[in-house]
Asks: 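One structure coming up, written as structure tokens, with questions to follow.
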Amino acid sequence: MQTPNNATENNYKFAPVSNKSLTGEKIVRPSLNYWQDAWRRLKKNRLAMAGLIILVALIVLAIIVPFVSSYDYQTQNLKVKNVAPSGEHWFGTDDFGRDVWTRVWWGTRISLFIGIIAALIDLVIGVLYGGISAYYGGKVDEVMQRTIEIVYSIPFLLIAILLIMVIGSGIPSIILAMAITGWVPMARLVRGQMLTLKEQEFVLASRTLGASPIRIIMRSLIPNALGIIIVQITFVVPAAIFTEAFLSFIGLGVKPPLASLGNLLSDGANYIRLYPHRLIFPTIIFSLILLSFNLLGDGLRDALDPKMRK
């Protein structure tokens, strides 16, 4: 016969819980890090993915077409000058009989090369300059920011013209002009971001452990600002391509027979009434490059923004 105490113990014994009662507590969302989650959200943005696909296709064509084309970008053949698009010359020919199809993709390669160089300049000069200015602060920051204001006040076109007068027109003068003033917006953006980051606990922990300022900037501050840096790069590249096209269009950039989208647009504009194909095709490629970078940049801005996480 059970005692009252034993009966009470039996009534309060724990029973195993069925698995069905735990289904509501399952973690539905997969465990993702910051970059995996950003990529997941970027893939959901159809316009950004369309821009990425178009951009990759243009880069691949710019690399491959000049090598596999039957015509060289600078070989002249006056017998077929100003020929309309056909099966032999897909984009037609110019007034020297040069194949426009080959020249357009060669020009795309040159324009993308200048855009990539501008992005590297921003990464090397702008990011480091902004990071050092924000980390040290005080008088160092004051002097560096006044220097930025002086550099930013100098018109880019004036610098480009002066460099062209000294070293001549072409790719080197364009890149050097960008290296003098093009990094300023990136430096300002990085400085503003790192002024907030340097007050975080992980930076204080690095200082406590004796890390050098350069190590803190390179290992702690810059990696945590990569999101905003990547977004800025997607806008720097098309801006540099547009700058090169503008300088080449007014005769201060890349000179023929070397092809760039800028001088192709300039040549096509002179013959728009007689031979419109010479302007239409470079304009389409130029517009697609700018559009794809802008769509990708907008998508990355949303994907890398922590506030957009769901």
Side-chain angles (χ1 to χ4, degrees), residues 53-118 157 160-161 163-165 167-178 237-238 240-293:
I53 292 172
I54 293 173
L55 184 59
V56 171
L58 292 174
I59 293 173
V60 171
L61 288 172
I63 295 174
I64 294 177
V65 169
F67 289 115
V68 301
S69 178
S70 303
Y71 304 96
D72 186 72
Y73 76 94
Q74 59 183 350
T75 301
Q76 300 180 9
N77 185 2
L78 298 178
K79 296 180 180 180
V80 292
K81 67 177 183 178
N82 293 319
V83 172
S86 62
E88 186 175 358
H89 299 280
W90 291 1
F91 285 0
T93 60
D94 62 8
D95 49 349
F96 291 100
R98 295 173 297 197
D99 185 62
V100 177
W101 163 262
T102 306
R103 287 181 62 79
V104 164
W105 292 114
W106 188 272
T108 303
R109 177 190 293 187
I110 296 297
S111 298
L112 288 173
F113 171 76
I114 292 175
I116 292 172
I117 293 298
L157 186 58
I161 293 174
L163 290 174
I164 289 171
M165 293 175 61
I167 64 176
S169 61
I171 297 177
S173 59
I174 296 175
I175 293 176
L176 188 56
M178 291 180 179
V237 175
I241 293 174
F242 183 84
T243 300
E244 178 276 325
F246 169 73
L247 292 176
S248 298
F249 190 87
I250 63 177
L252 299 177
V254 178
K255 293 291 186 181
L258 187 63
S260 74
L261 291 178
N263 58 32
L264 289 175
L265 292 173
S266 178
D267 292 341
N270 295 329
Y271 297 92
I272 185 173
R273 293 185 178 181
L274 298 176
Y275 312 108
H277 65 274
R278 294 182 54 181
L279 179 63
I280 291 174
F281 294 113
T283 301
I284 292 174
I285 302 301
F286 182 73
S287 301
L288 286 175
I289 291 175
L290 299 185
L291 178 63
S292 59
F293 269 110

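The figures that follow rest on heavy atoms only: side chains count, while hydrogens, waters and symmetry mates do not.
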Asks: From I59 CD1 over to I64 CD1, what is the distance, rounded to the nearest 0.5 angstrom?
Replies: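 Taking CD1 in I59 and CD1 in I64, the distance rounds to 11.5 Å.
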Asks: Nearest 0.5 Å, please: how far is CD1 in I110 from CG in L258?
Replies: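 Separation between the atoms: 5.0 Å.
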Asks: Show the nearest heavy-atom pair for residues F113 and I175, with the distance to one decimal.
Replies: CE2-CD1, 4.1 Å
Asks: Return each pair, listed once, that meets salt bridge (charged side-chain N to carboxylate O under 4.0 Å, His left out) where at least one residue sits in residues 259-272; pairs must be two or more places apart or across chains.
Replies: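 Qualifying pairs, neighbours excluded: none.
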Asks: Using 0.5 Å steps for rounding, measure from the OG atom of S111 to the CD1 atom of I171.
Replies: 9.0 Å
Asks: Could you report the tightest heavy-atom contact between L163 and S173, atom names first, then the distance?
Replies: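 Residues L163 and S173, closest heavy atoms: CD1-O, 3.8 Å.
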Asks: So, using ring-ring contact (aromatic ring centres under 6.0 Å, His included) as the criterion, who are the partners of F286 when residues are at least two apart?
Replies: none
Asks: Identify the heavy atoms of E244 and S260 that sit nearest to each other, and give their distance.
Replies: OE2-OG, 2.7 Å
Asks: I'd like to check the salt bridge (Lys or Arg N to Asp or Glu O under 4.0 Å) partners of D94; sequence neighbours left out, ordered by chain and number.
Replies: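 If we apply the salt bridge (Lys or Arg N to Asp or Glu O under 4.0 Å) test to D94, skipping adjacent residues, the hits are R98, R103.
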Asks: Restricting to non-hydrogen atoms, name the atom on V104 and the atom on F91 that form the minimum distance, rounded to 0.1 Å.
Replies: CG2-CD2, 4.0 Å
Asks: Filter on salt bridge (charged side-chain N to carboxylate O under 4.0 Å, His left out), then keep only pairs touching residues 272-287, sequence neighbours left out; what's left?
Replies: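 Checked against salt bridge (charged side-chain N to carboxylate O under 4.0 Å, His left out) - neighbours excluded - the pairs reaching residues 272-287 are D95-R278.
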Asks: Which heavy atom of V83 sits nearest to which heavy atom of H277, and what is that distance?
Replies: O-NE2, 3.4 Å
Asks: Can I289 and I241 be said to form a side chain to side chain contact (heavy atoms under 4.5 Å, CB included), step by step?
Replies: CA-CA 9 Å; I289 291 175; I241 293 174; 3.7 Å; yes
Asks: Kindly write out the residues that satisfy side chain to side chain contact (heavy atoms under 4.5 Å, CB included) with Y71, not counting sequence neighbours, or none if the list is empty.
Replies: S69, E88, H89, D99, T102
Asks: Measure the CG-CD1 distance between L261 and I285 for me, rounded to the nearest 0.5 Å.
Replies: 8.0 Å
Asks: Can you confirm whether P276 sits close enough to I280 that some side-chain heavy atom of one is under 4.5 Å from a side-chain heavy atom of the other?
Replies: yes
Asks: Side chain to side chain contact (heavy atoms under 4.5 Å, CB included) for F293 and L55? Distances and angles first, verdict last.
Replies: CA-CA 7 Å; F293 269 110; L55 184 59; 3.4 Å; yes
Asks: Looking at I272, I'd like to know if its CD1 atom is crowded, meaning that more than 12 non-hydrogen atoms belonging to other residues, nucleotides or ligands lie closer than 6.0 Å.
Replies: no
Asks: Looking at G115 and A240, what are the two nearest heavy atoms and their distance?
Replies: CA-CB, 3.9 Å
Asks: Rounded to the nearest 0.5 Å, how far apart are CD1 of I117 and CD1 of I114?
Replies: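 These two atoms lie 9.0 Å from each other.
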Asks: Scan residues 68-81 for pairs that pass salt bridge (charged side-chain N to carboxylate O under 4.0 Å, His left out), counting only residues two or more places apart or in two chains.
Replies: none
Asks: Which value, rounded to the nearest 0.5 Å, describes the distance between W105 atom CH2 and L58 atom CG?
Replies: 5.0 Å
